[in-house]
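Side chains are part of it too, since the values below use all heavy atoms of this structure and drop only hydrogens, waters and symmetry mates. Predicted, not measured: the structure shown is a model, and the values here were computed from it.
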Number of protein chains: 2
Amino acid sequence: MSTADRLIESTQDLLWERGYVGTSPKAIQQRAGAGQGSMYHHFSGKPDLALAAIRRSAEQLRATAEACLSGPGTAYDRVRAYLLREREVLRGCPIGRLTMDPDVIGDAALREPVEETLDWLRARLAGVVSEGVERGEFDAGLDPERIAASVVATVQGGYVLARAAGSPAPFDSAVQGLLDLLAARAPRPRRSAS
Amino acid sequence: MSTADRLIESTQDLLWERGYVGTSPKAIQQRAGAGQGSMYHHFSGKPDLALAAIRRSAEQLRATAEACLSGPGTAYDRVRAYLLREREVLRGCPIGRLTMDPDVIGDAALREPVEETLDWLRARLAGVVSEGVERGEFDAGLDPERIAASVVATVQGGYVLARAAGSPAPFDSAVQGLLDLLAARAPRPRRSAS
DNA sequence: GTCTATACAATGATAGAC
DNA sequence: GTCTATCATTGTATAGAC
């Protein structure tokens, strides 16, 4: 792997763990095994490197979510797969956690991939729910945009609860609570009339 | 107001806005209009002052939530009042945001009030839901702990979505989505048999 | 491309005068 | 109680040699 790649990967890890404000160029260099000159040769500074790292994390998140949401089964099954997918719950979300970073939210360039990613995720989920409603896999009364926002919020908020508790348990409870509510609106396929 | 109080209040504001890592003693002193000597006279250092500030924010959050949850109406009404209460959505949660701060989560003393507050909130909500189930205000199948976790997670995650979007809209969507799902499990009081 | 040297502000605190 | 030094360390770079 190239030095630039190692720098980006180290930055991804540190942003995830400590946020933008808590991540120093020196820490990045040490984790990447690169010197200062090397870092400033490949990137103009901390914001530039952070942008590259955030973009890469965003791509990865998107790919992971897409794998769940384009999987097999009914709309409910796919939302369920997304909610129950394996996660390192106590680490939180590498993209969502950046929203609490004032220097990220305050900088249009850094915020853009964060906004874009979470917007995409909500829209993608809304599409799945909407499809489900059309197919009769979800009750007709459901508002896809609202349900999508609830699903993403439950995951993001679940991380908050888990980190506060020092345990993944509240995350799992929150997700199960939402799934319980959703299951009640997902009619089982009816074979009686066939 | 005493100097110590002004220091605590300034610290509350800065922790809310910038987190623990992003808040320096100097910034606190300037916002409080106090000198260094003054701060180090009243508090042993940054962690000590932060602890006082976090505890105060925790008390305030608890009081606000309790006001909604002990209000009038059915269990559904009270959960709804909590979810729809006025919030400065784009500022996020002064307690929840601290869970993303490695120096807070990594310090047992600083983490304790955060954990305790979110635990209390979930338990309090679970109590309301449980009461609702007993009274027939919620469907018997609901798991109060799960629903409580979903409610708190939706709020905490709603803040994340709102800050990413730069708008309270996704927060409102997430909350409405959850309320839609909950309303379907909250039978209207039946007068037919009376 | 990578390294070392240098710079200069901010951080988090201590000491001692008032 | 509050103020003004003072201090060691880290943060975030730039300059120039190799």
- Task: Quickly work out the B:H42 NE2 to C:dA13 P distance and round it to whole Å.
- Result: 17 Å
- Task: Check whether the side chains of B:S173 and A:E145 place a donor and an acceptor atom closer than 3.5 Å, and report yes or no.
- Result: no
- Note on the structure: Whole-Å distance, B:K46 NZ to C:dA13 C1', equals 12 Å
- Query: According to a strict under-4.0 Å criterion, is A:T3 in side-chain N/O contact with OP1 or OP2 of C:dG1?
  - Reply: no
- Message: What is the distance, to the nearest angstrom, from the CD atom on A:Q29 to the P atom on D:dT12?
- Response: 11 Å
- Query: Taking atom CG of A:L179 and atom CG of A:D172, what is their separation to the nearest 0.5 Å?
  - Reply: 11.0 Å
- Task: May I ask you to say what B:T23 touches in the nucleic acid, namely base, sugar-phosphate or nothing, with a heavy-atom cut-off under 4.0 Å?
- Result: sugar-phosphate
If you restrict it to nitrogen or oxygen atoms, what contacts under 3.5 Å exist between nucleotides 3-10 of chain D and the protein, and what is each distance?
from	atom 1	to	atom 2	distance (Å)
D:dC3	OP2	B:G35	N	2.9

- Message: Nearest whole Å is fine: how far is C:dT11 C1' from B:R18 CZ?
- Response: 13 Å
- B:R78, CZ: over 12 other non-hydrogen atoms inside 6.0 angstrom: yes
- Item | Value in whole Å for how far the C1' atom of D:dT12 lies from CZ of A:F43 | 16 Å
- Note on the structure: Closest non-hydrogen contact found for A:P170 with A:S167 is CD-O, 3.1 Å
- Query: Out of curiosity, B:D180 CG to A:L142 CG, how far, rounded to the nearest 0.5 Å?
  - Reply: 8.0 Å
- Item | Strand contacts (DNA chain C) in residues 100-108 of chain A, 4.0 angstrom heavy-atom criterion | none
- Note on the structure: A:G22 and B:V21 have their tightest heavy-atom pair at CA-CG1, 3.6 Å
- Message: Measure CD/B:Q30 against P/C:dG12 and give the value in whole Å, please.
- Response: 13 Å
- Message: Between A:D77 and A:T74, do the side chains contain a donor N or O and an acceptor N or O under 3.5 Å apart?
- Response: yes
- Task: Specify the separation, in whole Å, of atom CG of A:D48 and atom P of D:dA13.
- Result: 10 Å
- Task: Return the value, rounded to whole Å, for the distance between atom CG of A:L49 and atom P of D:dT12.
- Result: 12 Å
- Over 12 foreign heavy atoms within 6.0 Å of CZ, A:R6: yes
- Message: Rounded to the nearest 0.5 Å, what separates atom CG in B:L15 from atom CD1 in B:I95?
- Response: 9.0 Å
- Query: Which nucleotide in the list D:dA13, C:dA13, D:dG1 gets nearest to the side chain of B:P25?
  - Reply: C:dA13
